[in-house]
S.K.: 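Can you read through this structure? Questions will come right after.
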Amino acid sequence: QFFRRQRLFYYRIFRVSKERERLISEVREAFRLNGQAGDAMDQAAAEFLGIHRTDTRLLDVLQMKGRMSAGELAKAGQLSPGAVTAALDRLERAGYVRRVRDEKDRRRVLVEVTDRLEKLTWELYGPLATSGDAMLRDLTEEHLTIMRDVMREAARLQMEQAHRVRKRSARQSSTTR
């Protein structure tokens, strides 16, 4: 009797653990699918806007964080200053960004998105934002808090890993020269 109960106890633990591992695997897959869907949407937006995919990353940073210097944008977008200068030249010609003097320090130049870009961005991403908001409104505050925290932590982990990979890449390229 004792051993039978003990076996049943272990079976339940094993089954729950197996179910939990399956669920973790499904969540991991859902994160990857979400990343792929985001990449597909951003690529489609880049094609629609007639710009490089890298340029959309810079526009996203500017829209999220507001006006900033080219150097700050390079750091936030994880690109070299030269690459950002070339991208800003393209984006300015397309009418998506403008360079403006800093009101506090006239020597400093800041970059900001244009109203034209804001309008086009809403046309492209607005329906997605609207349907996403509707989906999120059905969740409890507790679920929203958990989702927010998980998404932030996942983003942090990815950024840290990207940093490690870049460092490794730099080491490899310096040893192969």
Side-chain angles (χ1 to χ4, degrees), residues 1-66 68 72-80 83-84 87 91 96 113 117-173 175:
Q1 183 79 354
F2 171 76
F3 291 113
R4 190 170 152 243
R5 270 188 277 161
Q6 196 172 24
R7 261 186 297 168
L8 186 60
F9 175 74
Y10 286 122
Y11 171 74
R12 285 184 184 149
I13 289 175
F14 178 73
R15 197 175 94 218
V16 169
S17 295
K18 202 171 188 176
E19 176 66 20
R20 181 176 176 79
E21 289 303 314
R22 184 188 60 76
L23 191 55
I24 288 170
S25 178
E26 289 176 3
V27 169
R28 189 180 313 115
E29 181 180 327
F31 269 111
R32 291 179 74 182
L33 288 172
N34 188 60
Q36 291 170 10
D39 285 343
M41 179 60 208
D42 290 344
Q43 181 63 40
E47 291 168 9
F48 179 86
L49 295 170
I51 59 177
H52 297 268
R53 177 67 180 86
T54 302
D55 298 350
T56 63
R57 265 185 27 221
L58 297 176
L59 292 174
D60 192 38
V61 170
L62 284 169
Q63 286 182 307
M64 286 182 71
K65 296 185 177 190
M68 63 181 65
E72 292 166 336
L73 183 58
K75 186 174 181 177
Q78 298 183 355
L79 293 171
S80 71
V84 168
L91 292 170
Y96 300 143
V113 297
L117 178 73
E118 293 289 356
K119 182 179 178 287
L120 287 169
T121 300
W122 183 250
E123 286 178 28
L124 298 174
Y125 290 94
L128 185 58
T130 301
S131 57
D133 284 352
M135 177 186 67
L136 293 173
R137 288 190 201 301
D138 290 338
L139 300 176
T140 65
E141 286 183 22
E142 180 182 9
H143 287 126
L144 289 169
T145 300
I146 291 168
M147 280 187 70
R148 179 202 61 205
D149 293 348
V150 167
M151 298 291 288
R152 284 180 178 171
E153 180 64 10
R156 185 189 67 74
L157 291 171
Q158 287 189 66
M159 295 302 271
E160 285 179 359
Q161 182 63 13
H163 178 73
R164 285 190 291 271
V165 170
R166 281 191 182 94
K167 281 176 63 176
R168 184 174 175 191
S169 178
R171 281 194 308 266
Q172 282 181 338
S173 65
T175 60

S.K.: Is the side chain of Arg57 donor-acceptor paired with the backbone N or O of Gly77 at a distance under 3.5 Å, no angle test?
M.R.: yes
S.K.: Determine whether a donor-acceptor pair (N or O, by modelled atom type, separation under 3.5 Å) exists between the side chain of Tyr96 and the backbone of Leu49.
M.R.: yes
S.K.: Quick check: do Gln63 and Glu118 have side-chain heavy atoms less than 4.5 Å from each other?
M.R.: yes
S.K.: Is it true that Lys18 and Glu21 have a side-chain N and a carboxylate O under 4.0 angstrom from each other?
M.R.: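 Glu21 and Lys18: not salt-bridged.
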S.K.: To the nearest 0.5 Å, what is the distance between CG (Leu124) and NZ (Lys119)?
M.R.: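 Nearest 0.5 Å value for the CG-NZ distance: 10.5 Å.
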S.K.: Under 3.5 Å, side chain of Ser169 to main-chain N/O of Val165, donor-acceptor pair present?
M.R.: no
S.K.: Please find the pair of heavy atoms, one from Trp122 and one from Pro127, that lie closest to each other, and give the distance.
M.R.: O-CD, 3.7 Å
S.K.: For a side chain to side chain contact (heavy atoms under 4.5 Å, CB included) with Phe31, tell me which candidate from Glu26, Gln36, Met151, Gln158 qualifies.
M.R.: Met151
S.K.: Give a yes or no on this: more than 12 heavy atoms of other residues, nucleotides or ligands lie within 6.0 Å of atom CZ of Arg164.
M.R.: yes
S.K.: Rounded to the nearest 0.5 Å, what separation is found between the CG atom of Asp133 and the CG atom of Asp138?
M.R.: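 It comes to 11.5 Å.
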S.K.: Can you name the nearest heavy-atom pair linking Leu144 to Leu136, along with the distance?
M.R.: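 Heavy atoms of Leu144 and Leu136 come nearest at CD2-O, 3.7 Å.
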S.K.: Under the criterion side chain to side chain contact (heavy atoms under 4.5 Å, CB included), which of Glu160, Met159, Arg152 is the partner of Arg156?
M.R.: Glu160
S.K.: When Leu59 is tested against each of Asp42, Thr121, Ile51 for side chain to side chain contact (heavy atoms under 4.5 Å, CB included), which residue passes?
M.R.: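 Exactly one candidate clears the test, Ile51.
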S.K.: For Met147, is the CE atom crowded, meaning more than 12 foreign heavy atoms sit under 6.0 Å from it?
M.R.: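 No, the 6.0 Å shell around CE holds no more than 12 heavy atoms from other groups.
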S.K.: I'd like to know if Glu72 pairs up with Lys75 as an ion pair, taking the criterion as any Lys NZ or Arg NE/NH1/NH2 lying under 4.0 Å from an Asp or Glu carboxylate oxygen.
M.R.: no
S.K.: Atom OG1 in Thr56, atom CD in Gln43: separation rounded to 0.5 Å?
M.R.: 7.5 Å
S.K.: Rounded to the nearest 0.5 Å, what separates atom CD in Glu153 from atom CG in Leu157?
M.R.: 4.5 Å
S.K.: Can you confirm whether Arg22 is buried at CZ, in the sense that more than 12 heavy atoms of other residues, nucleotides or ligands lie under 6.0 Å from that atom?
M.R.: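 Enclosed.
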S.K.: Closest heavy-atom contact between His143 and Leu139?
M.R.: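 Looking at all heavy atoms of both residues, the closest pair is CB-CB, 4.1 Å.
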S.K.: Nearest 0.5 angstrom please: Glu29 CD to Ile24 CD1, how far?
M.R.: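 Here the rounded value is 14.0 Å.
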